[in-house]
Amino acid sequence: MSLSRKFLAPLVIAAVGLTALPAVAQDRALAFSLTGGIASAPKYFGAGSNRIAPGGSFGFTGLNFGRVQIGDPDGPAQFATGTGLRGSLRFIPKRKGEKELDGLDDVKASLEIGAGVHHTTEFWQVFADLRYGVIGHKAVAGELGANAIYRGADGLVVHAGPRAGFGNSRFMRSYFGVTAAESDASGLASYTPSGGVHSVGFEIGMYQPLNEDWGITGALRYDRLRGDAGNSPIVRQGSRDQIGASIGVTRHFNFRF
């Protein structure tokens with residue numbers, strides 16, 4: 001079984017089961033959140049230095065449409081308890097073949113869109129996300145993770161827990177591979193990685209509401225590139241240790257139609 005099918009099957013089964021449930025509320029509603037801010041992240045997978053750039057994220061709260069109910073549009077926007085679907089989105093900036101990567105082909109900017117499943121309680125959460133590069137690499141990637149959760153009386157939510165990132169062979173070749181032609185031009189050894197888990201790490205984050213619609217979001221994350229990713233000639237001349245941080249303003253939306 002391929003990597004993409006292995007991780008896609010549980011998500012499809014969960015989605016079918018959830019969408020088959022009758023809606024409790026009769027009103028049609030869609031609720032989600034958007035975060036915009038600034039982030040510090042490695043210049044590329046395996047880079048030894050960071051860049052500061054605009055950052056953002058998307059959060060799915062819930063949808064009611066006829067007999068379809070996914071999540072709860074009227075529930076908490078952050079770490080709502082229960083089992084259900086969640087949205088997953090990631091933007092990967094363009095990687096230019098310059099400086100230490102001189103001789104390597106440019107890698108186009110990519111936008112990954114997908115979904116995940118989660119089980120969340122008052123104090124902990126586990127989740128799995130799967131995404132496809134609709135723009136850019138056209139590959140499959142995703143993440144597995146868990147969180148310990150602290151909920152303050154004033155609405156503060158703090159989470160912390162391990163992460164594991166994975167990708168199929170096309171994803172791995174896009175960001176960690178070196179073709180024969182690139183090897184000749186760059187001096188790096190030719191390298192063809194396989195799909196699998198490419199990083200393990202840890203994230204700690206917080207959300208502080210300002211009112212019903214607005215809040216402040218922040219996160220600090222560490223990842224260690226491993227396996228075929230960690231052995232890539234691109235990573236060897238950079239760093240296996242990847243550190244990122246972000247802070248932003250979150251706006252919650254709840255549409256009735």
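Closest approach of Gly46 to Val235, counting heavy atoms only: CA-CG2, 3.9 Å. The minimum heavy-atom distance between Gly136 and Ser110, with the atom names listed, is CA-OG, 3.3 Å. Minimum interatomic distance between Gln237 and Leu101 (heavy atoms only, all atoms of both residues): NE2-CD2, 3.6 Å. For the residue pair Ile52 and Ser40, the shortest heavy atom distance occurs at CG1-CB, 4.2 Å. Across Ser88 and Asp129, no two heavy atoms sit closer than the pair OG-CB, 3.6 Å. Thr250 and Ser33 get closest at one heavy-atom pair: CG2-CB, 3.9 Å.
By the rule that hydrophobic residues join a cluster once side-chain heavy atoms approach within less than 4.5 Å of another member, Phe65 and Leu85 end up as members of one cluster. Under the 4.5 Å side-chain heavy-atom criterion for Ile, Leu, Val, Met, Phe, Trp and Tyr, Leu89 and Val134 are members of the same hydrophobic cluster. Hydrophobic clustering of Ile, Leu, Val, Met, Phe, Trp and Tyr side chains at less than 4.5 Å, counting indirect connections, keeps Ile149 apart from Ile204. Hydrophobic clustering, with ILVMFWY side chains joined whenever heavy atoms are under 4.5 angstrom apart, keeps Ile38 apart from Phe91. Ile113 and Ile135 fall within the same hydrophobic cluster, where Ile, Leu, Val, Met, Phe, Trp and Tyr residues are linked whenever their side-chain heavy atoms come under 4.5 Å apart, directly or through other members.
The cationic atom of Arg251 (NZ for Lys, CZ for Arg) lies less than 6.0 Å from the six-membered ring centre of Phe253 and within 45° of the ring axis. A cation-pi geometry, defined here as NZ or CZ lying under 6.0 Å from the six-membered ring centre and within 45° of its normal, holds between Arg86 and Phe127.
Between Arg224 and Asp241 there is a salt bridge, since at least one side-chain N of the basic residue sits less than 4.0 Å from a carboxylate O of the acidic one. Taking 4.0 Å as the cut-off between side-chain N and carboxylate O, Asp74 and Arg256 count as a salt-bridged pair.
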>> For a side chain to side chain donor-acceptor pair (under 3.5 Å) check, start with the C-alpha distance between Asn168 and Arg173, then their side-chain angles and the critical distance, and finish with the verdict.
In response: CA-CA 9 Å; Asn168 65 1; Arg173 291 195 304 268; over 6 Å; no
>> Between Leu104 and Arg95, does the side chain to side chain contact (heavy atoms under 4.5 Å, CB included) criterion hold? Intermediate values first, please.
In response: CA-CA 10 Å; Leu104 299 184; Arg95 191 189 77 186; 4.1 Å; yes
> Please walk me through it: do Tyr44 and Val107 pass side chain to side chain contact (heavy atoms under 4.5 Å, CB included)?
Replying inline: CA-CA 10 Å; Tyr44 54 86; Val107 179; over 6 Å; no
>> Does Glu112 form a side chain to side chain contact (heavy atoms under 4.5 Å, CB included) with His137? I'd like the steps, not just the answer.
In response: CA-CA 9 Å; Glu112 300 174 353; His137 59 61; 2.8 Å; yes
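When atom types are taken as modelled, the side chain of Asn50 and the backbone of Ile243 share a donor-acceptor pair closer than 3.5 angstrom. Checked by atom type and distance alone, the side chain of Arg28 pairs as donor or acceptor with a backbone atom of Phe257 at under 3.5 Å. Checking side-chain atoms of Asn64 against main-chain N and O of Gln69 turns up no donor-acceptor pair under 3.5 Å. Side-chain atoms of Arg221 do not come within 3.5 Å of backbone N or O of Gly201 as any donor-acceptor pair. A distance-only check finds a donor-acceptor pair linking the side chain of Tyr191 to the backbone of Asp228 [under 3.5 Å]. Side-chain atoms of Arg240 come within 3.5 Å of backbone N or O of Gly230 as a donor-acceptor pair. A donor-acceptor pair under 3.5 Å is absent between the side-chain atoms of Arg90 and the main chain of Ala141, judged by distance alone. Judged purely by atom type and a 3.5 angstrom limit, Arg236 uses its side chain to pair as donor or acceptor with the backbone of Asn231. A donor-acceptor contact shorter than 3.5 Å is absent between the side chain of Gln242 and the backbone of Phe45. A distance-only check finds no donor-acceptor pair linking the side chain of Arg226 to the backbone of Val200 [under 3.5 Å].
For His198 and Phe171, the ring centers sit closer than 6.0 Å to each other.
Inter-residue side-chain proximity for Ile92 and Tyr175 is flagged as met; some heavy-atom pair is nearer than 4.5 Å. Within the 4.5 Å cutoff, the side chain of Leu144 has heavy atoms near those of the Phe166 side chain. Side-chain contact between Leu188 and Glu182 is absent, with no heavy-atom pair separated by less than 4.5 Å. Considering only heavy atoms from C-beta on, Lys43 comes within 4.5 Å of Ser49 through its side chain. Contact annotation: the side chain of Ile247 never approaches that of Thr217 to less than 4.5 Å [non-hydrogen atoms, C-beta and beyond]. A heavy-atom distance below 4.5 Å is not found between the side chains of Arg170 and Val140. In this structure, the side chains of Gln208 and Val158 stay at 4.5 Å or more apart for every pair of heavy atoms.
Atom CE of Met206 sits about 12.0 Å away from atom OH of Tyr150, to the nearest 0.5 Å. In this structure, CG in Asn147 is found 8.5 Å from OG1 in Thr120, a value given to the nearest 0.5 Å. From Phe79, atom CZ reaches atom NE2 of His159 across 4.5 Å, with rounding to the nearest 0.5 Å. Lys138 NZ to Ser174 OG: the interatomic distance, rounded to the nearest 0.5 Å, is 12.0 Å. Between the CG atom of Leu225 and the OG atom of Ser239 there is a distance of 8.0 Å, given to the nearest 0.5 Å.
For the pairing with Val249, the side-chain contact (heavy atoms from CB on, under 4.5 Å) check across Thr35, Leu210, Ile216 returns one residue only, Ile216. The only member of Phe60, Tyr207, Phe32 that meets ring-ring contact (aromatic ring centres under 6.0 Å, His included) when paired with His252 is Tyr207.
More than 12 heavy atoms of other shown residues, nucleotides or ligands fall within 6.0 angstrom of atom CD in Glu122. The environment of Phe123 atom CZ is sparse: at most 12 non-hydrogen atoms of other residues, nucleotides or ligands sit within 6.0 angstrom. Under a cut-off of 6.0 angstrom, the local environment of NZ in Lys96 is sparse, with at most 12 non-hydrogen atoms contributed by other residues, nucleotides or ligands.
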